[in-house]
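Keep in mind that what you see is a predicted model, and the values were worked out from it rather than measured. So you know, we letter chains A, B, ... as the sequences are listed, proteins then strands, and number each from 1.
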There are 2 protein chains.
Amino acid sequence: MATPANGRGRRIEPGKGGILLTAIDCFTRHGYAGTSIDRIARAAGVTKGALYYHFRDKEQLLFEAVKERIGAFESYVLGKVEPIADPAKSLRAIARICAENAATDNHRRFILTLMVEALDTNVTLSGEFREMLRRFRSFHRHLIRSGQESGLFRNDVDASAAAETFVGGILGAEVQFYQDPEAIDVRSSLETHVDQFLAWLTMPPDAQRRATQSAREV
Amino acid sequence: MATPANGRGRRIEPGKGGILLTAIDCFTRHGYAGTSIDRIARAAGVTKGALYYHFRDKEQLLFEAVKERIGAFESYVLGKVEPIADPAKSLRAIARICAENAATDNHRRFILTLMVEALDTNVTLSGEFREMLRRFRSFHRHLIRSGQESGLFRNDVDASAAAETFVGGILGAEVQFYQDPEAIDVRSSLETHVDQFLAWLTMPPDAQRRATQSAREV
DNA sequence: GTAGCCATACTAAACGTTTAGTATCCGAGG
DNA sequence: CCTCGGATACTAAACGTTTAGTATGGCTAC
């Protein structure tokens with residue numbers, strides 16, 4: 001073969017970029033603490049020294065990997081969703097992007113894994129993830145609010161709360177899929193999630209009260 | 001002080017049980033790979049010798065911790081939900097249990113953390129988590145189906161798909177809360193999730209088609 | 001005294017990081 | 001055209017520390 005490949009099929013790209021891609025791959029699978037510098041180096045087809053030539057230490061490698069992934073995802077979503085005028089279609093587009101992303105490469109699993117691990121072990125990194133999630137919710141909030149102002153969505157729901165549940169549904173579907181890809185079809189699961197969410201947002205305001213009030217009392 | 005306490009306030013219980021509780025605490029915060037045997041021992045107020053007296057190795061300690069947590073959560077949910085007759089109230093009760101659990105102790109964060117970490121690093125443990133999630137979804141599926149049979153819920157939605165989105169919403173709300181407890185009120189967030197879910201399940205079947213079909217085409 | 005419970009003291013391996021040295025390329029000077 | 005000098009991108013080996021795990025000794029309750 002002309003270009004060497006590592007054990008999991010991805011071609012080994014040389015240089016700093018290749019090391020970063022390999023590091024993302026390793027961090028996704030084994031976490032930060034579970035990934036040794038040696039493992040990354042071996043998987044990238046270089047030695048440890050090459051890593052320390054391009055990155056100050058293991059933590060900086062992690063930072064650059066995280067920033068790369070967050071930036072790539074956000075710019076991708078923005079590029080795909082911004083031209084869409086209909087808020088409902090925008091929401092569905094986001095869900096589809098996440099589903100596709102989860103099903104093919106596992107770039108979003110990288111974010112989830114490192115996010116959970118960083119919670120108590122890396123304050124600054126955890127702050128990065130927190131800001132990312134806040135931007136994500138804010139983006140949805142604006143979509144929902146614009147839908148409300150144009151009369152597409154009902155006005156008696158809080159856009160912030162709605163954004164929380166929508167983002168939560170995406171995250172939860174991903175978690176379930178990563179854990180059990182054979183039982184969970186993340187695409188159809190998220191499609192149902194969007195259906196349900198839009199049905200709730202477009203139903204007449206008085207129809208819900210009748211339905212849920214009965215179960216509300218403790 | 002009569003009873004000694006570790007740095008984070010929890011009382012140090014002696015013996016195997018205390019070690020197990022401390023281990024759960026450490027694994028939750030630092031993950032499995034990020035937690036050393038010494039750290040657990042120090043936090044539990046013992047030395048490594050005590051750990052290796054009660055547990056064969058680090059992995060067995062992890063297994064027992066996971067089994068303990070899964071078992072405790074499932075039996076708690078079952079005990080609380082089983083006496084409830086109304087499926088809608090049962091669903092709300094489960095969501096409230098999870099919210100309370102996430103907000104007070106972080107026993108469910110332990111499960112989430114280890115679940116994500118075990119995905120590619122521990123096949124048998126990951127299988128344990130997979131079975132747990134399957135049981136959880138199955139439990140919801142039966143609740144939903146019983147609601148459909150009694151005419152409470154509409155019949156034109158797949159109970160399995162509905163269970164997926166409901167469980168997903170719970171998991172996603174938890175993830176967002178762990179990441180940003182100041183911005184996310186997990187209790188009200190899950191309350192909205194249940195409202196939305198029940199509104200969707202109890203709305204007239206033809207009302208949704210009108211609402212969502214417009215955004216469905218790509 | 002003996003069995004249960006744990007502390008102490010250790011080993012071998014793995015870890016992140018540093019260092020010294022090498023191969024390869026590239027533009028400038030003769 | 002050749003070659004010299006330096007920058008770039010690494011390799012190989014070593015360092016000190018931390019890790020999981022073990023072997024052994026001792027105290028306490030029965």
Side-chain angles (χ1 to χ4, degrees), chain A residues 2-7 11-66 114 117-118 120-122 124-125, chain B residues 3-7 11-66 114 117-118 120-125:
Chain A
T3 45
N6 65 7
R11 292 237 314 286
I12 296 185
E13 296 182 25
K16 183 171 177 174
I19 293 176
L20 206 61
L21 286 183
T22 312
I24 291 175
D25 207 59
C26 294
F27 286 149
T28 304
R29 260 193 276 277
H30 309 99
Y32 177 71
T35 300
S36 69
I37 295 278
D38 247 332
R39 191 203 291 265
I40 300 174
R42 231 174 305 129
V46 292
T47 56
K48 289 199 286 191
L51 285 193
Y52 280 93
Y53 174 77
H54 291 290
F55 306 94
R56 188 174 7 93
D57 53 14
K58 193 186 174 189
E59 201 179 23
Q60 202 219 343
L61 176 55
L62 174 67
F63 280 153
E64 292 210 21
V66 168
L114 274 298
E117 186 174 355
D120 270 297
T121 59
N122 195 319
T124 69
L125 191 68
Chain B
T3 45
N6 66 6
R11 290 238 314 285
I12 297 185
E13 297 182 26
K16 183 170 178 176
I19 293 176
L20 206 60
L21 287 182
T22 312
I24 291 175
D25 208 57
C26 293
F27 286 149
T28 305
R29 260 194 276 276
H30 308 98
Y32 177 71
T35 300
S36 67
I37 294 277
D38 262 324
R39 191 205 291 267
I40 299 174
R42 227 175 306 127
V46 294
T47 57
K48 284 203 296 189
L51 278 188
Y52 280 96
Y53 174 76
H54 291 289
F55 306 94
R56 189 175 5 95
D57 53 12
K58 193 184 172 188
E59 201 179 25
Q60 201 220 343
L61 176 54
L62 173 67
F63 281 154
E64 293 211 19
V66 168
L114 275 298
E117 186 174 355
D120 269 298
T121 58
N122 196 318
V123 199
T124 69
L125 192 67

Within the structure provided, determine whether B/V66 and B/F27 are in side-chain contact (heavy-atom separation under 4.5 Å).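 Contact flag for B/V66/B/F27 side chains = no.
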
Does the side chain of A/L20 come within less than 4.5 Å of A/K16's, by heavy atoms?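 Side-chain contact under 4.5 Å: no.
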
Per-nucleotide protein contact string for nucleotides 24-30 of chain D (B base, S sugar-phosphate only, - none; heavy atom under 4.0 Å): -------

In the 5'-to-3' direction, what one-character label does each nucleotide of nucleotides 7-19 of chain D receive under the scheme B = base within less than 4.0 Å of a protein heavy atom, S = sugar-phosphate only, - = no such atom? -SBBBB-B----S

Rounded to the nearest 0.5 Å, how far does CD1 of B/I24 lie from CD1 of B/I19?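 Atom-to-atom, B/I19:CD1 and B/I24:CD1 are 12.5 Å apart.
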
At how many degrees, to 10°, do the end axes of the helix from C/dG1-D/dC30 to C/dG30-D/dC1 meet when each uses five pairs?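 One end axis against the other gives 10°.
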
Solution key, residues 32-41 of chain A side-chain donor-acceptor pairs under 3.5 Å, sequence neighbours excluded:
unit_1: A/Y32; atom_1: OH; unit_2: A/E59; atom_2: N; d: 3.4
unit_1: A/T35; atom_1: OG1; unit_2: A/C26; atom_2: O; d: 3.2
unit_1: A/T35; atom_1: OG1; unit_2: A/G31; atom_2: O; d: 2.6
unit_1: A/S36; atom_1: OG; unit_2: A/R39; atom_2: N; d: 3.1
unit_1: A/R39; atom_1: NH1; unit_2: A/H30; atom_2: NE2; d: 3.2

Which residue pairs pass the side chain to side chain donor-acceptor pair (under 3.5 Å) test when at least one of the two sits in residues 47-58 of chain B, sequence neighbours left out?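 Of all non-adjacent pairs touching residues 47-58 of chain B, none passes side chain to side chain donor-acceptor pair (under 3.5 Å).
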
